[in-house]
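Comments concern the structure below.
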Amino acid sequence: MAGPSPQFSIVTPVYAPPIDVLADTIASVLAQEHADWEWVLVDDASPDPDVRRVIADAAGQDGRIRLVERDTNGHIVAASNDAVAEARGEFLVFLDHDDLLTPDALARMARAIDAEPDADYLYSDEDKVGDDGELFGRFTKPVWSPERLRGQMYTSHLSVMRTALVREVGAFREGYDGSQDHDLALRVSERARRVVHVPEVLYHWRAVAGSAAADINAKPYADDAGRRAVQDQLDRLGIAGTVGPGREPGRYVIERRLDPAVRVSIVIPTIGQSATVFGERRVMVVDTVRSALEHTDHDNLELVVVHDMPTPPEVLDSLREIAGDRLTLVEYALPFNFSQKINLGCLHASGERLVFLNDDVEVISPRWLENLVGPLDEPDVGLTGAKLYFSDGSIQHAGHGYWNKHYHHPFRYWTREESGPFGELVVNREMTGVTAACSAMRRDVFLEVGGFPEALPSNFNDVDLCYKVAHLGYRTVWVANCELFHFESQTRDGTVSAWERHFVVRRWGIPDVDHFTPADIATPMMNPHRLLDARLAEPRRGARKKATARRPR
Amino acid sequence: MVEPTEPDARADAGEAESPVARLERENEAMRREVLEARHSLLVNRDHVVGTEAEIGRLNRDVLRMQQELISSRKKIRALQKRRNGLASRNQDLQGQLTAARARTQALRAELDRQVAARVPLSSRVARRLRGGRR
């Protein structure tokens with residue numbers, strides 16, 4: 001007769017693991033500090049009888065271990081579902097047959113559940129373990145980020161889910177092999193009352209040849225399954241969009257569709273200045289508007305240009321020519337105040353979606369507006385931002401990060417081709433903040449937060465706006481497939497005054513830890529001159545070594 | 001409050017303003033007034049949200065300070081207890097020291113007395129030579 005239900009049921013589908021590796025996995029479970037668990041291992045008809053023998057031996061020594069033997073090989077979904085069906089615990093703990101739990105894994109999860117009793121889904125940080133037992137590749141994860149989960153299966157290991165909820169959603173689905181965990185995470189998170197991130201490494205993912213941990217290309221079929229899983233979620237939630245392949249396997253790109261009835265107002269502050277870009281003289285705002293209109297299919301559009309008095313009339317004429325009756329001109333006669341110009345532009349705007357756009361950008365990605373504005377259809381998304389490049393193609397902005405007493409541009413100077421340590425640069429994701437150089441809000445949220453702070457005419461006004469958005473409970477989403485050049489150095493005076501920073505600190509406190517972009521993931525901002533210097537120095541050092549080697553004795 | 005828009009030149013020249021023109025002028029004035037009111041409301045809302053945030057931040061600071069205060073008070077109490085214990089132990093040691101000093105003094109006195117009472121060497125040598133028992 002079965003005893004009382006344990007708190008945790010560890011579930012492990014097993015198929016032909018190396019025996020020594022399986023033994024390590026068993027040892028890691030037996031070493032748990034927390035004792036209230038059971039372990040259901042489902043052998044999926046492994047050809048080597050030693051696999052069953054090893055598990056049976058372990059079960060003989062510890063009554064909490066149970067072996068379920070399948071007669072035929074049903075693959076990972078069938079085997080996992082058999083394990084889920086057998087589980088008696090309140091929470092399911094998903095462990096692969098060759099991976100390792102840290103000794104405190106279950107104890108730490110139990111403490112997190114005690115702290116958040118309505119948690120239905122918990123996930124921890126993870127790292128990888130090589131053949132030699134060396135640990136590497138720590139993935140410090142963000143707090144719960146539903147948009148990012150659409151872009152990649154970032155929650156992964158260690159995942160703990162409430163058993164009743166997993167059964168309620170139908171457990172793993174056939175046809176999603178290789179991404180069955182991603183599919184389950186998406187479906188469980190839709191109904192979870194709370195999703196909790198435990199910011200500690202509780203899982204060592206074994207990186208052996210042929211595993212996804214060692215090579216992201218190892219399971220090409222998984223990519224297709226993952227794409228379908230994400231598309232299914234969009235369809236279930238009524239999100240208008242199409243999921244496509246990302247830059248690398250396991251990453252997904254969402255192309256949003258905008259309801260033609262939704263009116264979008266693009267607000268651009270300008271003084272109508274010109275600058276040399278890519279070797280040619282440009283009237284910045286004219287090219288901004290031209291590129292913005294060229295790269296969108298959305299017609300229900302309004303351009304609100306807030307122009308200072310000195311703006312040359314011919315610039316305004318050019319804008320009229322390009323934008324026609326979609327153009328609204330707002331004259332601004334006061335001293336420079338970016339916040340006030342944007343606020344006034346928004347008050348003149350008629351759209352339900354507001355896009356803030358600097359006049360020194362060039363849109364380079366197709367359907368930029370749809371992708372930027374689309375996420376705002378979700379009621380809890382209050383603000384979206386774009387990916388901006390310097391003219392040399394290096395990253396100027398990939399979201400804000402607020403940590404270590406300052407406001408940062410994580411991943412600045414990385415290149416357009418790079419994906420980031422864990423896909424950060426190629427998937428949409430929740431962030432603490434985004435730049436106002438290209439961002440979007442729903443009108444109701446803009447009014448609710450009180451627009452941009454006019455007390456900050458030049459710097460940190462976007463930082464304050466992002467804080468306000470988060471303060472009122474909205475998500476800020478950075479959109480990786482909304483790309484623009486930002487010729488900031490052409491137009492901006494970078495001087496920052498102490499009082500500006502103090503204004504933000506007075507409201508929001510001193511930034512300490514960023515929960516979406518941990519400081520250890522985002523490479524500290526690097527001076528491009530130092531980068532270049534380092535690259536140039538490498539061959540010089542090599543040349544010196546060669547010269548030394550040839551020196552006659 | 002927004003100033004009404006300037007009447008057109010015909011009004012300046014004493015010509016009667018048409019009802020449509022007057023309505024348009026009033027409408028424009030009203031539109032600007034509404035815009036200014038909405039702008040004021042927006043700025044005011046920013047101030048309210050910012051003030052709420054500042055209050056929240058100050059409350060968190062107060063809570064943290066209170067926790068630090070409680071923790072510091074506990075430390076003070078522990079240190080006071082330790083100090084009192086040490087003072088008491090110090091007092092005990094002082095008593096032991098005084099007693100030890102007195103004992104030392106007594107022993108010294110006793111030693112001196114014994115030394116003084118000791119038989120001189122010459123007498124002891126003479127006694128030995130005479131075959132007397134020690």
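Naming: A, B, ... by sequence-line order, numbering from 1 per chain. This is a predicted model, so every value here is computed, not measured.
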Under 4.5 Å, heavy atom to heavy atom, which residues of residues 328-336 of chain A contact chain B?
->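 Under the 4.5 Å heavy-atom cut-off, nothing qualifies.
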Answer whether the closest heavy-atom distance between the side chains of A/Val449 and B/Arg45 falls below 4.5 Å.
->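 When only atoms from C-beta onward are counted, B/Arg45 and A/Val449 do not touch, as no gap falls below 4.5 Å.
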Please examine the side chains of A/Glu454 and B/His39, heavy atoms only from C-beta on, and report whether any two atoms are closer than 4.5 Å.
->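 SC-SC contact between B/His39 and A/Glu454 confirmed.
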Work out which heavy atom in A/His471 is nearest to a heavy atom in B/Val49; give both atom names and the distance.
->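 Heavy atoms only, the tightest pair is CD2-CG1, 4.2 Å.
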Which answer fits [X], side chain, backbone, both or neither, if we ask what part of it has an atom under 4.5 Å from a heavy atom of chain B?
X        : value
A/Tyr467 : neither
A/Val504 : neither
A/Leu465 : neither

Going from CG on B/Leu42 to CG on A/Leu344, what distance comes out if it is rounded to the nearest 0.5 angstrom?
->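 Result: 9.0 Å between the selected atoms.
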Kindly determine whether A/Arg507 and B/Glu54 satisfy salt bridge (charged side-chain N to carboxylate O under 4.0 Å, His left out), including the steps that lead there.
-> CA-CA 4 Å; A/Arg507 282 184 169 186; B/Glu54 193 172 342; 5.9 Å; no
Atom [atom1] of [X]: over 12 foreign heavy atoms under 6.0 Å:
X        : atom1 : result
B/Gln105 : CD    : no
B/Gln80  : CD    : yes
B/Asn90  : CG    : yes

Determine, stepwise, if the pair B/Asp46 / A/Asn343 fulfils side-chain contact (heavy atoms from CB on, under 4.5 Å).
-> CA-CA 11 Å; B/Asp46 167 64; A/Asn343 284 348; over 6 Å; no
